[in-house]
Amino acid sequence: MSIEIPNRFDHAEACPRIYAAWDAAGCFHAEVNPAKKPFTIVIPPPNVTGALHLGHGLNNTLQDALIRWKRMQGFEALWMPGTDHAGIATQAVVEKRLKEQENKTRHDLGREALVQRIWAWKDQYEGRILGQLKRMGCSCDWRRTRFTLDETCAAAVRATFFDLFAKQLIYRGKRLVNWDTYLQTAVSDDEVFNETVQGSFWHFRYPVIAPEKGEPAFVEIATTRPETMLGDTAVAVHPDPDAAMDKAEAELRERLAASPAKDRPAIELQLQNLKERRTTHLPLLRALRDMAKAGRMLRLPLVERDIRLVADAWAKPELGSGCVKITPAHDPNDYEVGIRCNLDMINILNPDGTLNESAGDYQGLTILQARKKVVADLEAQGLLGDVEDREIELPHSDRSKTPIEPYLADQWFVRMDSLSQSAMDAVSDERVKIYPERYRKGYLDWLGEKRDWPVSRQLWWGHRIPVWSLTIAAAEAPQVEEKLRDLPEFSDGRIVFQFDGNTSLQICIRNEDPSIETKIEGLGFVQDSDVLDTWFSSALWPHSTLGWPEKTAELEYFYPTSTLITSRDIITLWVARMVLMGLNNMGEVPFREVFIHPKILDGLGETMSKSKGNGVDPVEVIDKFGPDSMRFGLAWLATDTQDVRMPVQYECPSCNKLIDQTKKNRVLTKIECPSCAAIFSTQWAESPEDLSLPRGAVVSERFEFGRNFVNKLWNAARFAMMNLEGYQPQAIDPSSLALEDRWLLSRLTTTTQIVTDALGNYRYGEGVRALYDFAWDEFCSFYVEIAKPRLSDPDQRQTTQGVLAYTLDVLMRLLHPFMPFLTEEIWQTLATVVPRRGLVSIQPASEFVMRAAWPEVDAEWIDKTIEEQFALFQEVLGAIREIRSRQNIAPRDKVPFSVRCEKEVQQLLQPMTAYFESMAGAQVVEWGTTVAIPATNAHVSLTQLNVDVYVDLEQFIDVEAELERNSKLLERLVKQIAGKEQKLQNDSFVSRAPAEVVAKERESLEDLRQQLTGVEQAIKTLSAKQA
RNA sequence: GGGCGAUUAGCUCAGUUGGUUAGAGCGCCUCGUUUACACCGAGGAAGUCGGGGGUUCGAGUCCCUCAUCGCCCACCA
């Protein structure tokens, strides 16, 4: 044997070497190339907040498989890499560390210094993330790596903002925002989650000012947030309580009718209560309504402010007291009432969550302090009513995990009406196709709301809003505008301005230009201190990364991109916004197709995240199993399903035992191995003593089968290469091939077809399953075994070598998108033995499999008849093997067998004689239409082909075992026959089912009956023997 | 409350348009180290496809309904 190959693929040694070789050869780079068609993917830029976990592992595996496939198909394939600055998330992480490590806030540092720190963080994590991607084998064009906050992206953001501003699609307005008092910024609705907390429901009474006779002296309201009463500017009552009550009752009745019996009592109770309310509450509400219409006022206790009683349909007569306090500056619904009724809006909060001067005596208190004091003070004044315990859904900031305060603040908005519509149209008319299709609905529904997009964030980390404002009286505005119009920067389009109609004149500057800034700052304009929502820059990603707003050759060639591969949770936040921004800026959709892949959950069904401690670092999986195993395992999971569970384990560093992760142990800083009692640290370790412990990796044993497959492929290739010595490729005449060769090539071609179709439809799981089955079951378990005797037969050696080498060549190409390193290593090793390859036409192999051509499907090779014939061989072989196993026949013992069959079957099976011997230790005694039946035998009948196989058990018989095998068989046959008889006795089946289906059933029934006869006969004989 | 999805072997999951006996990986049992591979080979056991109803000659697959679980959206003074 001339070639030495280790029996394991050493991924730790090979992968870095291979990756470096690809890089050095420029395999990752894509250029504008008119000779080829482009295929482009932009990476969903990972946040620089932290490291990647397996969810990203899946996302990027799928992208890499697709881009490698397209590259092999001859496209100029560009995978654009980069990272996202992730405004709030990143700033929050850095601020948190600042607080923990130095006990400082961002204000101690100042804007510039904080931003500098975040850049340092970004550099560190960007490096780590890109390193992770490289370890996974991602074939991104690294020379083009972008960052959403770099200069290229900044230019795109400025140009976009300027354009929208000039089109008057951007405006500044007072809006109620979700205020994060910890981070002191507004967060979007999407960044808010609700949590149920135990709270109370307090009833208050507000005195009516100078009540007339017959009028109530108090109005009762209730709230879960007493402190907000300091900002109340009205109490609302329904304008038509009778009608509202009728409506509520009608709705209840409707629900009652539609509900199942078990829910009815509860609804009936509600109806009953409603009826009672008509007498208990309605008269009062009517009176209050009249008072509201008469413009009567209430006295707000504690702050002693006169507030209005208003009639507004927000107040529901069927709930609570029927009246509701209105705090327009701190409640979204109240805000709407405030707008409708033209109420004052009093903000009682400071940005840090303490109460401000509007709260009077309560100024300076925190919300919770104020809540207590308000309740106590009201009680002291006798204005406190009942207090109920109640579960409250409290909004929390996703970033800081602290409660959200609704807060009235100045914010920038993008008008979404026309933009949303354009993005809806693009999906409706399939300029953008979403796979799986079910995700279309969510996309369209969300955009259909057309809610304006709040884009400003009170942060320091991000794209600064390029607007300078001047506060002036409306009357002076025309004068200043006149002056601005005279500026050359205005006439040549470098600035635009708008007056908000109230007190603010705003200038937007197109490009970063200190001279213009100085000039307008000289006029008294001040730059907005806010930055833009992260999604604003992410929305431009497909065109900003290609150089927009410059008209680059790359844009012209690579845009629109081909496919976006992402996870479902950002379909709205990101995908939808890319579509509308792409349409606005480029006049063309950003991508033709969107593929949404499943999410990876841990063993407890929870999404992976670093903060939960269940996030698996792909690098740890790669260290343990190798990148190809991980990629293959992940691609295996990419089916049409929504979620995939991936139980997660710690790996004990001292004994390598895997320990299931639980809710309990996943948050510990150190763990004691239950097996070897060694103590190891986890990702949470912080103290020096914990850190000094060996670190336990977080992995998942789900990747073991991927590793096993890698090993299988490696060894199959090893076998082939060790046996390719002296092989001189020469064109093969297909007609000279044996059945087993034709069979393998047919299966190979079918597999090529399946994999190609699967990749084209994002059915990764289907593709890798087909490859796995072909490689393991057909190539390894059959062809390689068959090859063994043939390789030592000089007449067959050359052909067998040819088929082996060719199949290995094609298989490596088919597997390459999923297992790039292994296939490259095998490919290049194979090249040292067989540099020129092919079956009917011999060509030099390409230097890299990464650059090899994707296998073509030549349908000529697909031959169903041959596959069926080979299946017959497999069946006979399987039957003999089962008999051997049941009879417990030692491997070295050869069993004799005879086959009774038609001539043509004999011609088929006879050439397989050697394989029966090598693969089942079975020696044929006789073939033919009549054979001598051994006295003691195990019999298998393949009646469809009119074949009987008799294994001579004279030397081996274990009557017990054989009887058991036969009675099992009998049982199964009887059941099947009964089922089929019933089916065929059914007139409607026979008359209505397609004739061929009926015929097939009849045939198979006949077949089964014959088998049954054989089995019955065998049992009889065996029983006699036993007795 | 609205929407989307899931429920198939002990575990994690496949199952394309309805059509013979429902598959895989891991785990389990039996046997086996003959020079590709013990990260292996041969064989085996194991599922009334969540419950109920319907359509159909025929349902894991289509429809209705219930249950459980998950996610998204909205709302709850």
Side-chain angles (χ1 to χ4, degrees), chain A residues 1 5 7-9 189 194 201 221-225 228 236 260 314-316 319-321 323-327 331 333-334 392-393 438-439 441-442 445-446 449 568-569 571-572 599 601 603 605-607 625 629 633 636-637 639-647 701-702 704-723 757 761 763 765-766 769 772-773 780-781 784-785 788 878 881-886 888-892 918-921 972-973 975-976 979-980 983 986-994 996-998 1000-1001 1003-1005 1007-1008:
Chain A
M1 225 166 281
I5 304 171
N7 72 350
R8 290 274 192 280
F9 173 53
D189 290 346
N194 285 325
F201 197 49
I221 51 88
T223 181
T224 54
R225 304 183 55 207
T228 60
W314 167 238
K316 305 278 184 287
L319 293 175
S321 68
C323 297
V324 55
K325 68 192 268 303
I326 303 296
T327 322
D331 180 279
N333 295 305
D334 293 6
I392 302 163
E393 289 271 303
R438 64 173 180 276
Y439 291 110
K441 187 171 159 51
D445 288 353
W446 186 80
E449 304 223 349
R568 84 185 103 91
D569 37 12
I571 294 174
T572 52
K599 298 201 68 158
L601 309 177
E606 296 183 39
T607 53
F625 298 107
S629 312
W636 186 277
L637 299 176
T639 60
D640 193 41
T641 351
Q642 192 158 256
D643 299 321
V644 177
R645 279 192 194 210
M646 170 85 61
E701 62 189 350
R702 297 287 141 168
E704 273 178 9
F705 91 97
R707 181 199 55 190
N708 296 349
F709 186 47
V710 165
N711 181 250
K712 190 73 183 175
L713 289 166
W714 177 256
N715 278 288
R718 178 169 175 257
F719 169 82
M721 290 187 284
M722 291 191 308
N723 286 287
D757 290 347
N761 291 295
R763 296 209 295 257
E766 191 182 319
R769 278 171 178 78
Y772 185 90
D773 292 345
C780 292
S781 296
V784 166
E785 292 306 320
K788 285 174 183 173
R881 281 171 162 178
E882 191 189 336
I883 289 164
R884 283 194 70 114
S885 183
R886 294 230 184 247
N888 234 332
I889 296 169
R892 59 180 122 40
S918 66
M919 297 173 75
R972 210 174 63 194
L973 285 168
K975 223 192 258 174
Q976 285 170 18
K980 285 204 191 297
K983 205 170 185 179
N986 184 340
D987 284 341
S988 40
F989 170 70
V990 178
S991 59
R992 295 205 201 186
E996 57 183 67
V997 173
V998 177
K1000 228 172 171 182
E1001 284 295 301
E1003 232 174 81
S1004 94
L1005 176 62
D1007 182 30
L1008 290 169

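The chains referred to below are lettered A, B, ... by the order of the sequence lines, with proteins before strands, and numbering in each begins at 1. Here the structure is a predicted model, which is why all the values come from computation and not from measurement.
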Please determine, for the side chain of [X], which listed nucleotide ([options]) has the closest atom?
X         : options                   : result
Arg438(A) : rC4(B), rC40(B), rG25(B)  : rC4(B)
Trp314(A) : rC40(B), rC76(B), rC31(B) : rC76(B)
Asn708(A) : rC40(B), rA36(B), rA42(B) : rC40(B)
Asn711(A) : rG44(B), rC37(B), rC76(B) : rC37(B)
Asn715(A) : rU12(B), rC39(B), rC37(B) : rC37(B)
Arg8(A)   : rG44(B), rA38(B), rA36(B) : rA38(B)
Arg881(A) : rA36(B), rA42(B), rC4(B)  : rA42(B)
Pro647(A) : rA36(B), rU12(B), rC4(B)  : rU12(B)
Trp636(A) : rC11(B), rA24(B), rA42(B) : rA24(B)
Glu882(A) : rG44(B), rA36(B), rG32(B) : rG44(B)

Can you tell me the distance, in whole Å, between the [atom1] atom of [X] and the [atom2] atom of [N]?
X         : N       : atom1 : atom2 : result
Ile889(A) : rA42(B) : CD1   : P     : 17 Å
Glu704(A) : rC40(B) : CD    : C1'   : 15 Å
Arg568(A) : rC71(B) : CZ    : C1'   : 6 Å
Phe201(A) : rC76(B) : CZ    : P     : 12 Å
Lys441(A) : rA74(B) : NZ    : P     : 14 Å
Arg702(A) : rU12(B) : CZ    : P     : 7 Å
Asp569(A) : rC73(B) : CG    : C1'   : 14 Å
Arg707(A) : rG25(B) : CZ    : P     : 16 Å

Can you check the distance between [N] and [M], where both ends of the measurement are the [atom1] atom (answer in whole Å)?
N       : M       : atom1 : result
rG2(B)  : rC28(B) : P     : 47 Å
rU68(B) : rA59(B) : C1'   : 23 Å
rG5(B)  : rU48(B) : P     : 27 Å
rG51(B) : rU7(B)  : P     : 12 Å
rU12(B) : rC4(B)  : C1'   : 23 Å
rU17(B) : rU61(B) : P     : 12 Å
rC66(B) : rC29(B) : P     : 44 Å
rA67(B) : rA45(B) : P     : 39 Å

Within the distance-only criterion (no hydrogens, no angle test), does the side chain of Arg718(A) pair as donor or acceptor with the backbone N or O of Arg8(A) below 3.5 angstrom?
no
Tyr772(A) and Phe709(A) aromatic ring geometry - parallel, tilted or perpendicular at 30°/60° bounds
tilted
Can you label the angle between the Trp714(A) ring and the Phe9(A) ring as parallel, tilted or perpendicular, going by 30° and 60°?
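Aromatic pair Trp714(A)/Phe9(A) classed tilted.
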As a quick check of understanding, evaluate side chain to side chain contact (heavy atoms under 4.5 Å, CB included) for Trp314(A) and Ile326(A), giving each step before the final call.
CA-CA 10 Å; Trp314(A) 167 238; Ile326(A) 303 296; 4.1 Å; yes
Any strand counts, and the cut-off is 3.5 Å on both contacts for Watson-Crick or G-U wobble. Which nucleotide pairs with [N]?
N       : result
rA42(B) : rU30(B)
rG18(B) : none
rU61(B) : none
rC71(B) : rG3(B)
rC13(B) : rG23(B)
rU56(B) : none
rU35(B) : none

I'd like to know if Asp331(A) and Arg225(A) make a salt bridge, using a cut-off of under 4.0 Å between side-chain N and carboxylate O.
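Salt bridge flag = no for Arg225(A) with Asp331(A).
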Hey, does the side chain of [X] come within less than 4.0 Å of [N]'s phosphate (OP1/OP2), counting only N and O?
X         : N       : answer
Arg884(A) : rA42(B) : no
Lys712(A) : rG41(B) : yes
Asn723(A) : rA36(B) : no
Lys788(A) : rA36(B) : yes

Under a 4.5 Å cut-off applied to non-hydrogen side-chain atoms, are [X] and [Y] in contact?
X         : Y         : answer
Glu766(A) : Asn761(A) : no
Glu785(A) : Ser918(A) : no
Arg702(A) : Trp636(A) : no
Glu449(A) : Thr572(A) : no

Between rA36(B) and Glu785(A), counting only base atoms on the nucleotide and side-chain atoms on the residue, is there a donor-acceptor pair under 3.5 Å?
yes
Assign [X] to base, sugar-phosphate, or nothing according to its heavy-atom contacts below 4.0 angstrom with the strands shown.
X         : value
Val644(A) : sugar-phosphate
Tyr439(A) : nothing
Arg645(A) : sugar-phosphate

Asp445(A) or Arg892(A): which one's nearest nucleotide on RNA chain B is closer to the 5' end?
Asp445(A)
Per nearest nucleotide of RNA chain B, the residue lying toward the 5' end, Phe705(A) or Ser781(A), is Phe705(A)
